[in-house]
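Note that ligands are numbered from 1 as they come in the structure, with each ligand's atoms numbered from 1 the same way. Because only heavy atoms are used, hydrogens play no part in the values below, and waters and symmetry mates are left out as well, while side chains stay in.
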Amino acid sequence: MTTASSTPALANNGTDSHPGLRRVVTRFFNARRVAEAVPVIERLAGELLEAARARIDADGEDDLFTSFAQVLPCRVLMELLDIHDVDPATLIRWSDASLELFWGRPTPDRQLELAQRAGEFHRWLTTTVRTGKATADSFIGALARHRLPDGAPLDPQTAVAACFFVFIAGQSTTGQLIATVLRRALVEPGLWPRVAQEEEAVGAWVEEVLRREPPVTTWRRVVARPVELGGVELPAGAQLLLMLMGSGSDPEVFTDPERMCPHRANIRHHLAFGTGRHRCPGASLARTEAAVALRAAARGLPKARLVAGAEGTPMLGLLSFRAPLRVAVADG
Ligand code: HEM
């Protein structure tokens, strides 16, 4: 992760072991695997929405953030990574605690609580990596087969650090994207019935949300060599906070950036997934999950309308992550 003491693996790795480790991730989440995952995502989405439907019938409403948006990416990742010995609620709790610990501003007491959860997560991952029970074609199996530039196998610490990042990156951010996609789609006139029918409308809506309201709003980078940027001299080692979200609302790139306009010719010219050597290798999976989730929700809950909470929408507001924490719906 971004702390100085953690083992360099993916996003926090500027060494020569990064390209190879990154290749393990990009190969694992390649286009074929994402395409093959679609029926799995559809099945899981269907199950979760059926339960949401039952709760709306019984209680009048349901929060699609906790019952659907948050759970779907976790269940998908568990299937893709062949993980069965932990329940989704625990993985979500561990992942969210890690996000808050590394990117939030918790009080000392809260830090302790979060560190305990992140520690449990780390211990579970260490056991999972060390037991060697993973099948050869699983992600952990691919890490075990991987060789570093000097030919050495991966030490368990680095394998755990890579898994730690993929588990967090692969579920929390995607859940956050789905929450925003649903909320925005529910209030956009005429969109809900359209996305239930039109394949193209779904993908374009997801992309506009990524452009305008991405879950990963900022990202940290360290300056590798002295450079001048926008008239500012940046010395090597300077820490930067890149405003990724701003790129999607740049009026020099997007006409009327505040308008949700799914027919933009340059719809993907945003930085929601970063850029360069660390660009998100899960972008295709994230886009696919969000599209399947939106279509399935619009089809499974055709009469859904957003229920406004008394205190507005609670938002996750961490240094790099922003998303609604509630998507309560009832039949309209
Ligand atoms: C909406 C969902 C997602 C968003 C917005 C997102 C965004 C990002 C961003 C901004 C970065 C840093 C890019 C940079 O430094 O230029 C990143 C890196 C990364 N993401 Fe994602 N991500 C998402 C989903 C996923 C998924 C589903 C996975 C895995 C299955 C994933 C795995 C990773 C990994 C491994 C890295 C580090 C890559 C490296 O350092 O080479 N992400 N992501």
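- Annotation: R221 places an N or O atom under 3.5 Å from an N or O atom of ligand 1; distance criterion only.
- Under a 4.0 Å criterion applied to the non-hydrogen atoms of L177, ligand 1 contributes the atoms 1 (C).
- Evaluation of the side chain to side chain donor-acceptor pair (under 3.5 Å) test over residues 276-286, restricted to residues two or more places apart or in two chains, returns H18-H278.
- Taking 4.0 Å as the cut-off, Q171 does not count as a neighbour of ligand 1 on heavy-atom distance.
- Using a cutoff of 4.0 Å between basic side-chain nitrogens and carboxylate oxygens, E36 and R33 are not scored as salt-bridged.
- M315 and L99 fall into different hydrophobic clusters, where Ile, Leu, Val, Met, Phe, Trp and Tyr residues are linked whenever their side-chain heavy atoms come under 4.5 Å apart, directly or through other members.
- Under the 6.0 Å distance and 45° angle rule, R264 does not count as a cation-pi partner of F254.
- For E289, no heavy-atom contact with ligand 1 is shorter than 4.0 Å.
- No donor-acceptor pair closer than 3.5 Å links the side chain of R326 to the backbone N or O of T313.
- Counting only residues at least two apart or in different chains, side chain to side chain donor-acceptor pair (under 3.5 Å) contacts with residues 143-155 comprise D155-T158.
- If you look at atom 21 (Fe) of ligand 1, the protein N, O or S atoms less than 2.8 Å from it are C280 SG.
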Exercise. Can you check salt bridge (charged side-chain N to carboxylate O under 4.0 Å, His left out) on R110 and E100, steps first, answer last?
Worked result: CA-CA 10 Å; R110 178 81 178 148; E100 191 184 335; 2.7 Å; yes
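- The hydrophobic cluster containing F273 does not contain M245, counting ILVMFWY residues as joined when their side-chain heavy atoms lie under 4.5 angstrom apart, directly or transitively.
- Shortest contact from atom 37 (C) of ligand 1 to any protein heavy atom: F165 CE2, 3.5 Å.
- Within the structure, the closest approach of R287 to ligand 1 does not fall below 4.0 Å when heavy atoms are considered.
- Salt bridge status for R53 with E50: absent, with no side-chain N to carboxylate O gap under 4.0 Å.
- Of the protein's non-hydrogen atoms, H278 O, 3.3 Å is the one closest to atom 13 (C) of ligand 1.
- Linking Ile, Leu, Val, Met, Phe, Trp and Tyr residues whenever their side-chain heavy atoms come within less than 4.5 Å places L241 and L316 in a single cluster.
- Between R322 and E213 there is no salt bridge, since no side-chain nitrogen of the basic residue lies less than 4.0 Å from a carboxylate oxygen of the acidic one.
- Less than 4.0 angstrom separates some heavy atom of H18 from each of these atoms of ligand 1: 39 (C), 40 (O), 41 (O).
- A donor-acceptor pair under 3.5 Å is absent between the side-chain atoms of R221 and the main chain of L240, judged by distance alone.
- In this structure, P215 has a heavy atom closer than 4.0 Å to ligand 1.
- Taking 4.0 Å as the cut-off, G276 does not count as a neighbour of ligand 1 on heavy-atom distance.
- Among the atoms of T174, none of the N or O lies under 3.5 angstrom from an N or O of ligand 1.
- Linking Ile, Leu, Val, Met, Phe, Trp and Tyr residues whenever their side-chain heavy atoms come within less than 4.5 Å places V187 and V327 in a single cluster.
- Numbered from 1 in the order shown, with element, the atoms of ligand 1 that lie under 4.0 Å from a heavy atom of R277 read 41 (O).
- Close approach of ligand 1 to L244 is summarised as follows: ligand atoms under 4.0 Å from at least one heavy atom of the residue are 10 (C).
- Applying the salt bridge (charged side-chain N to carboxylate O under 4.0 Å, His left out) criterion to R194, with sequence neighbours excluded, gives E198.
- Residue-level proximity to ligand 1 for A272 is carried by the backbone, the only part with a heavy atom below 4.0 angstrom.
- For A11, a nitrogen or oxygen atom sits less than 3.5 Å from a nitrogen or oxygen atom of ligand 1, counting backbone and side chain alike.
- Given atom 12 (C) of ligand 1, the protein heavy atom at minimum distance is W219 NE1, 3.4 Å.
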